[in-house]
Every structure is written in structure tokens, then in C-alpha cells.
Amino acid sequence: MPKSPRRMKIGINMVQNGAHNSGWRHPDANAGIANDFKGYARIIQKAEAQKLDFMFLADGAAVRIPHKDAEELSRHGHIDRFEPLTLLAAMSAVTEHIGLICTASTTYNEPYALARKFASLDHISGGRAGWNVVTGWSEEEALNFSRDALMEHSERYERANEFFDVVTGLWNSWDDDAFVRDKEEGRYFRPEGMHLLNHKGPHYQVRGPLNLERSPQGHPVIAQAGGSGPGRDLGARIADIIYTGQKDKAIAQEFYADMKARVAAAGRDPDAVMIMPGMMPIIGATEAEAQAKLDELKALVHPAVGLQLISKMFGDLSGYDPDALMPLPLPDSNGVKSAIEQWERRLAKTPMTIRQVYEEISISSGHNVCCGTVEQIADVMQDWFETGACDGWNLMAPYMPGGAEEYLDLLVPELRRRGLAQSEYSGDTLRARLGLESRPNPLSGKDGAGSVSDEPIAMSH
Ligand SMILES: Cc1cc2nc3c(=O)[nH]c(=O)nc-3n(C[C@H](O)[C@H](O)[C@H](O)COP(=O)(O)O)c2cc1C
């Protein structure tokens with residue numbers, strides 16, 4: 001069968017208070033939105049009216065900003081956030097079609113508990129749930145989960161692989177039609193429709209079954225965003241959506257080609273996995289107006305926040321005047337070496353003040369910022385989409401709600417006019433609406449898997 005024309009997928013990445021670390025200070029920002037359910041609900045309803053594919057909530061189970069004391073932390077806006085599965089369950093009651101995807105870590109959860117939560121969200125939302133699988137990156141989360149330090153990278157990914165297999169195994173605990181609930185016969189479910197997992201692995205022991213009927217999608221949509229080799233391999237094996245964050249088209253094309261090759265090497269259809277970079281549009285009626293908006297946003301960064309933010313990468317610069325040129329060579333630090341080298345090369349060519357550097361890093365948490373008129377931004381989005389750099393976009397706002405309202409009101413309709421974005425929802429579940437392969441239960445019809453024995457049964461990926 002010929003494939004239908006490729007369409008741009010669009011998600012809204014709802015970072016609390018906006019993705020700009022100082023967006024909460026914008027004159028039009030609702031600075032309390034992180035604690036305002038109705039505020040969130042109005043945005044998601046607007047996103048649904050514009051037929052966005054999904055809402056995504058990133059997460060970490062900690063205040064993840066390293067800090068000496070409360071004084072230092074007190075100027076940061078990215079502090080408070082709702083537990084995302086709880087928020088998405090509530091969101092499902094005020095929307096009908098839009099996908100509901102959130103992060104949950106494989107390092108700080110148990111697979112049974114998480115399989116149950118996402119299956120519940122899938123039932124409650126009528127098949128709209130998605131899980132962004134992360135292993136966590138912050139020391140601060142480790143300190144909240146009875147550990148002294150972040151678990152080593154390779155161990156985190158080893159556990160993530162096993163964790164994921166247990167979760168998906170549990171999602172296949174029941175045939176779709178196992179629950180007959182026959183009052184006459186007095187039989188609640190067909191015994192042959194139950195499948196015990198009996199998993200015994202290096203990190204987890206889980207018998208099953210899940211205490212919940214198989215959900216509408218069976219297998220909620222899976223997102224993943226690991227950038228390292230093991231992270232990319234995990235994504236290639238398990239993900240339907242890959243979140244990423246390149247700023248440069250050539251680097252994005254390299255990543256896109258690498259990920260699609262890894263997906264093919266994992267024995268999957270590369271077209272069935274969507275690469276979706278994050279992007280923050282800053283829209284103006286003219287280019288100059290957009291630039292003025294960007295400058296206004298940059299000026300919101302308090303020097304204490306800016307200096308603290310870049311200290312991770314450039315070392316302690318608190319003794320310097322923010323308006324002095326960034327000193328070169330950069331002080332020795334324990335930051336990400338490749339990023340430091342890139343900055344050193346750039347600053348050697350074009351000197352910048354310390355303030356200019358932290359303003360640039362603050363604005364979008366490292367993601368692409370696209371500043372211009374609606375047409376200019378849509379041109380960039382279309383160009384990346386049509387030249388092998390992405391399959392869609394995960395849109396971010398610098399502040400809430402105005403930053404998101406602006407791109408929902410102006411940019412998304414322009415993408416629709418160009419025939420790139422969808423104008424109606426089609427399909428019964430998020431998986432179907434995204435054009436992803438359905439995931440029937442591979443254990444359906446297999447006998448003998450329901451006995452409480454020690455024999456492990458085949459697991460599906
Ligand atoms: C768009 C995007 C969203 C992400 N969301 C989260 C998140 O919600 N929680 C989290 O702990 N990590 C998140 N990450 C970080 C990744 O899961 C991962 O740790 C990071 O990309 C580094 O990859 P690596 O550990 O494979 O090197 C996100 C990354 C990207 C690009």
C-alpha cells in the first residue's frame with residue numbers, strides 16, 4: 001500500500017514557567033503557573049484546538065539546580081513542578097484527543113509501579129499516554145533516593161534496558177479480551193488470557209501479572225532522549241519518538257541519519273521512529289521586533305543566576321564583572337569538555353562578555369532559538385523537515401502562558417496553511433494518530449503462561 005504523505009508532527013514541551021530560566025520574570029508571565037492547574041489546562045486546550053499531536057512534560061524528582069544555600073537558589077524560577085503523571089491524568093479529563101507524554105526515570109522507579117501508572121493513564125485518557133524513558137542526570141535526584149551520588153552511566157543504561165523489558169512484559173499480562181466478567185457463569189476473566197511475566201534478571205525480579213486490564217494502546221507511545229552511544233542505542237531499540245536538541249542544521253542532519261541507521265540496525269522500520277528536536281520560536285511582526293523581544297528576554301537573567309548557571313561549564317566566575325569579556329583561556333572546570341572547547345573556539349573568534357554568554361545559555365536551556373517573523377520561522381521548520389534534519393518539532397516557550405499562546409495562535413496556523421501540520425485528528429489512539437505501528441499482545445493465544453511457576457516466559461520488546 002502506498003504510504004500517505006509525510007506530515008510534520010508537533011508537540012508542546014511544557015516546561016514549567018517556560019524553558020527560559022528567567023522567563024517567570026517577564027511582565028506578561030504567570031509566575032505561579034507551576035502550581036496552577038487551570039493555567040496548564042488553558043494552554044493544553046488551546047494546543048488541542050490547534051491539533052497539536054501531544055503535550056510533553058519533562059521531569060526530575062528533585063530541585064535539580066546545584067546550590068550552596070537557599071540564598072543562592074532563591075533567584076531561580078525552575079524550582080517547583082507537579083508530579084507529571086498526576087498532572088496528565090487531570091489533563092486527560094479536560095481534553096479529548098491530544099497525546100499526553102511525560103518523563104519517568106528508570107533509575108528512581110520500580111518497573112511494576114510505573115507499568116501500572118502508565119497503563120492507568122492510558123485507560124483514563126482513552127489511549128493517549130506516552131512515556132519519555134530517561135535514566136536521570138542529576139546528583140540532586142540521587143540524594144532524594146537514598147543514594148550518595150548519581151549512579152554510573154553504563155549501569156543506568158543497563159538497568160534502563162531491563163526496566164523497559166519488564167514494563168512492556170507487564171503491559172502484556174492480559175489478552176485484550178481476557179476480562180469476560182461473565183455474571184451468569186461466575187467467571188471474571190478467561191484463565192488462558194492471563195500471562196505471568198516471571199522475570200528474574202540482574203536488577204529486577206517481577207512475577208506479574210499487572211493488576212489492570214490491557215490498555216487501549218496496549219503499549220503506550222515511547223519517547224527517549226539519550227544523546228550518548230548507549231542512550232542512542234536504547235532509543236533505537238525502544239522509542240517511537242526521539243527528543244533531541246541540536247541548534248545547527250548540519251549537526252541535526254548528522255544526528256538524524258545516525259539515529260535512523262541505528263533504528264534499522266535494531267531491525268525496525270526507520271520511518272516508524274520520529275526525530276523531534278526542541279525549538280523555541282520568538283515571533284515578531286518584523287525581524288527587528290522579534291530581535292527586540294529576544295533582547296528583552298535575555299535581560300531578565302539576574303547576574304547571580306547567570307553566573308551560577310555557567311559555573312557548571314566555565315568554573316567559578318563570581319569574582320568577575322559580568323560586563324567584562326569572558327576570560328580566555330577558560331578556567332579549568334569539570335564541565336562537558338566538548339561544549340567548553342566549542343565555546344573557546346567561538347570566543348577566540350568573536351569575544352563576548354560574561355553576561356552575553358550566560359544570557360545566551362539561559363534563554364532556552366540549550367535548545368534551538370528561532371527568532372523572526374512567522375514566515376521566517378515556518379521556513380526554517382519546513383526546511384529542516386524537508387532536508388533530513390527532523391520529522392517534527394517539540395515547541396518550547398520562553399515564558400508561560402504568553403510564549404506558548406503566541407506560537408499556537410500564529411505559527412501553527414501558518415504550518416497548517418502550508419499543508420505541513422494536521423488540520424484534524426484521525427485515529428482512535430495517540431499511536432494511531434501518529435501513524436505508529438500498533439502493538440498487539442504477542443502472548444495472545446499462548447497457552448500455559450498463567451501458572452505461578454519459576455519458568456520465565458519470552459518477553460516482547
Ligand atoms: C528534549 C529533551 C528532553 C529531556 N527530558 C528529560 C527529562 O524530562 N528528564 C531527564 O532526567 N532528562 C531529560 N533529558 C535528558 C536525556 O534523557 C539524557 O539524559 C541526555 O540527553 C544525555 O544523554 P546521555 O545520558 O545518553 O548522555 C532530555 C533531553 C532532551 C534533549
Side-chain angles (χ1 to χ4, degrees), residues 9-19 34 53-66 78 81-85 87-88 100-109 114 118 130-145 150-161 163-164 221-248 251-252 255-256 258-259 262 274-280 312-313 335-339 364-369 389-397:
K9 311 296 188 303
I10 306 179
I12 173 169
N13 182 350
M14 294 256 285
V15 182
Q16 92 280 31
N17 282 331
D53 287 286
F54 59 79
M55 164 188 177
F56 165 56
L57 287 172
D59 193 48
V63 172
R64 290 187 292 180
I65 300 157
H78 286 165
R81 58 175 72 202
F82 286 127
E83 192 289 309
L85 274 152
L87 178 58
L88 288 188
L100 304 165
I101 304 180
C102 73
T103 292
S105 156
T106 53
T107 307
Y108 307 115
N109 281 293
L114 207 64
F118 276 103
W131 171 27
N132 179 39
V133 181
V134 306
T135 65
W137 48 261
S138 73
E139 292 292 331
E140 286 70 23
E141 277 175 288
L143 301 181
N144 289 343
F145 288 84
L150 180 60
M151 195 184 287
E152 211 261 314
H153 192 267
S154 59
E155 192 188 347
R156 292 207 310 274
Y157 274 107
E158 197 187 294
R159 290 168 68 98
N161 273 286
F163 189 114
F164 180 80
V221 168
I222 301 297
Q224 206 269 346
S228 62
R232 291 187 194 199
D233 284 340
L234 176 65
R237 181 169 84 84
I238 68 168
D240 301 301
I241 299 173
I242 303 283
Y243 293 139
T244 179
Q246 288 83 24
K247 293 177 163 195
D248 175 271
I251 297 175
F255 178 82
Y256 187 94
D258 178 72
M259 276 313 305
R262 284 177 199 252
M274 293 168 303
I275 316 287
M276 298 188 65
M279 199 256 267
M280 180 186 285
K312 271 186 276 177
M313 202 185 301
V336 181
K337 296 283 177 233
S338 59
S364 64
S365 315
H367 283 82
N368 197 358
V369 177
C390 71
D391 295 310
W393 295 93
N394 209 5
L395 296 177
M396 308 165 89

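Numbering of ligands and ligand atoms starts at 1, following listing order.
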Listed partners of Asp59 passing side chain to side chain donor-acceptor pair (under 3.5 Å), at least two apart:
none
Among residues at least two apart in sequence or on other chains, which ones pass salt bridge (charged side-chain N to carboxylate O under 4.0 Å, His left out) with Arg262?
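For Arg262 the salt bridge (charged side-chain N to carboxylate O under 4.0 Å, His left out) partners, ignoring immediate neighbours, are Asp233, Asp258.
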Shortest non-hydrogen pair, Thr106 vs Phe163, comes out as O-CD1, 3.4 Å
What pair of heavy atoms forms the shortest contact from Tyr243 to Ala223, and how long is it?
CE1-CB, 3.7 Å
In order of chain and number, which residues sit within 4.0 Å of ligand 1 by heavy atom?
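Within 4.0 Å of ligand 1, the protein residues are Ala58, Asp59, Arg64, Thr103, Asn132, Val134, Gly136, Trp137, His153, Tyr157, Ala225, Gly226, Gly227, Ser228, Gly231, Tyr243, Thr244, His367.
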Find the distance between CG (Leu150) and CD (Glu140) and round it off to the nearest 0.5 Å.
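Reported value, rounded in 0.5 Å steps: 9.5 Å.
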Name all residues meeting the side-chain contact (heavy atoms from CB on, under 4.5 Å) criterion together with Ile251; count only those two or more places apart in sequence or in a different chain, and write none if there are none.
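If we apply the side-chain contact (heavy atoms from CB on, under 4.5 Å) test to Ile251, skipping adjacent residues, the hits are Gln246, Asp248.
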